[in-house]
Protein chains: 2
Amino acid sequence: MSPRQQLRADARRNADRIVAAAGALIAERGADASLEEIARRAGVGSATLHRHFPARQALLEAVFKDRVEALCAKAGDLLAAADPGEALLAWLRAVGAHAVANRGLGASLMRGGGDPALGGTCHDLITGAGEKLLVRARAAGAVRPGITIVQLLKLVSAISLATEHDPDGPAEAERLLGIAIDGVRPR
Amino acid sequence: MSPRQQLRADARRNADRIVAAAGALIAERGADASLEEIARRAGVGSATLHRHFPARQALLEAVFKDRVEALCAKAGDLLAAADPGEALLAWLRAVGAHAVANRGLGASLMRGGGDPALGGTCHDLITGAGEKLLVRARAAGAVRPGITIVQLLKLVSAISLATEHDPDGPAEAERLLGIAIDGVRPR
DNA sequence: TTGCCAAGTGGGGTGGTCCTCCATATCGTA
DNA sequence: TACGATATGGAGGACCACCCCACTTGGCAA
């Protein structure tokens, strides 16, 4: 689905419909929503869904693309912040908040490394954006050495995943994130 | 399967076989292994599996029961350790190590709160054992206030879950745990 | 020891999932 | 308008969790 210009108009319209339906259903029921039902809601056959998005991950990437881009933009903004360490932590909190708010985003962010062949775009984008923040924070001595951006994002995603089925998910995620993130600072 | 005495001899034998087969298959393929195949391996019909373990969670509880009990015993031992704070952290690390070594244990530990009606035993056992360690550590001023044992276990489980599909899972889990656990100490 | 019946079993059915083929319908162009 | 490349979706295969019910079996009472 990278070269969207090459798609025929109806095909592109269907792809958009599928992404919209997927977004709605994933918000309702989580990242493991039924692909059949997504197709049903989008008003297309299941074969069409599978041709457009050969793997579930590809669909998730499309659904969350704009949110990931927003997070990347925020990372860019924070590069100009006064305190490099606080900038990184603030960004991680923002990533966590987004992951909690958008069910399934956290899982999507992590699985980038899993299937290197297809997609991985979300994971790559967010990793690239965060890396710059981490490098700057590290240079300022605001994070302890040896920590990678992939580790930090894994931590954030894991927390959002763990609190996904909680009655009081967002608040609990915030608290857990607070604990975990404090370990990032040098002793 | 709580009142095992009330089961007929053959029923109990089948239940044990199912738990053994489940343990093997879960170790191979993770906690979402097919129940049909577990039944097949155990040499019983799928109906038998479902009657003994009405929900997947119930089966997981049975599979991991001994490991959870070992962790609870370890918690008991650590209650006598000199440094209450270090005792708690050491135990959390042990829980993490077990969760990583036994695929699916982490997920099982977390889901206790999800379905209050059935099971929850693993979750309750481990929570109870950890609570004592936490209370002692808190009294010694070794952990910052406001942290609950459920939060700590959620953190540990989340990390083990997140690293489950990693090429270098155990080592990475150890590192992430190190980061997260440092946030437990008071500032 | 024998006979009986509650307890236990598993094949087969239901309804769901993901994914693939291929005959058909549609778009965009010449 | 006519045509061919492109896109579609229903039908179907393989798998899954879970349930029903005709049958078997263990263990107790006589």
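Protein chains get the first letters and strands the later ones, always in sequence-line order, with residue 1 at the start of each.
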Among [options], which is the nearest nucleotide to the side chain of [X]?
| X | options | result |
| --- | --- | --- |
| A:Ala11 | D:dA7, D:dG27, C:dC18 | D:dA7 |
| B:Thr48 | C:dG10, C:dG8, D:dT6 | C:dG10 |
| B:Leu35 | C:dC27, C:dG10, D:dA17 | D:dA17 |
| B:His52 | D:dC16, D:dC18, C:dT9 | C:dT9 |
| B:Ser46 | D:dA7, C:dT9, C:dG12 | C:dG12 |
| B:Arg51 | D:dA17, C:dG10, C:dC18 | C:dG10 |

Side-chain N or O of [X] versus OP1/OP2 of [N]: is the shortest distance under 4.0 Å?
| X | N | result |
| --- | --- | --- |
| A:Arg40 | C:dG16 | no |
| B:Ser34 | D:dA17 | yes |
| A:Arg56 | C:dC18 | yes |

Report the distance from atom [atom1] of [X] to atom [atom2] of [N], rounded to the nearest whole Å.
| X | N | atom1 | atom2 | result |
| --- | --- | --- | --- | --- |
| B:His50 | C:dG11 | NE2 | P | 14 Å |
| A:Gln6 | C:dC27 | CD | C1' | 16 Å |
| B:Asp10 | C:dA6 | CG | C1' | 12 Å |
| A:Arg41 | D:dG9 | CZ | C1' | 20 Å |
| B:Leu25 | D:dC16 | CG | P | 10 Å |
| B:Glu37 | D:dC18 | CD | C1' | 17 Å |
| B:Asp32 | C:dC18 | CG | P | 14 Å |
| B:Arg8 | C:dG8 | CZ | C1' | 5 Å |

Practice prompt. Starting from the 5' end of DNA chain C, give me the residue, B:Asn14 or B:Glu36, whose nearest nucleotide shows up first.
Written response: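 Nearest nucleotide further toward 5': that of B:Asn14.
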Discussion item. Let me check something: do A:Leu78 and A:Val156 share a hydrophobic cluster, defined by ILVMFWY side-chain heavy atoms less than 4.5 Å apart, either directly or through other members?
Written reply: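 In one cluster: yes.
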Worksheet entry | Within one Ile-Leu-Val-Met-Phe-Trp-Tyr cluster: B:Ile181 and B:Val150, side-chain cutoff 4.5 Å |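 Both belong to a single hydrophobic cluster.
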Worksheet item: Is there a donor-acceptor pair closer than 3.5 Å between any side-chain N or O of A:Arg56 and the backbone N or O of A:Leu35?
Response: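 No; zero donor-acceptor contacts below 3.5 Å.
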Worksheet item: Distance-only, no hydrogens or angles: does the A:Arg136 side chain make a donor-acceptor pair with backbone N or O of A:Leu79 under 3.5 Å?
Response: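 Pair found, side chain donor or acceptor close to backbone of A:Leu79.
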Practice prompt. With rounding to the nearest 0.5 Å, note down the distance linking CD in B:Glu37 to CG in B:Leu25.
Written response: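 One gets 5.0 Å once the value is rounded to the nearest 0.5 Å.
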Discussion item. Heavy atoms only, 4.0 Å cut-off, all strands: where does B:Ala9 land among base, sugar-phosphate and nothing?
Written reply: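 Sugar-phosphate: the residue B:Ala9, judged by heavy atoms under 4.0 Å, touches backbone atoms but no base.
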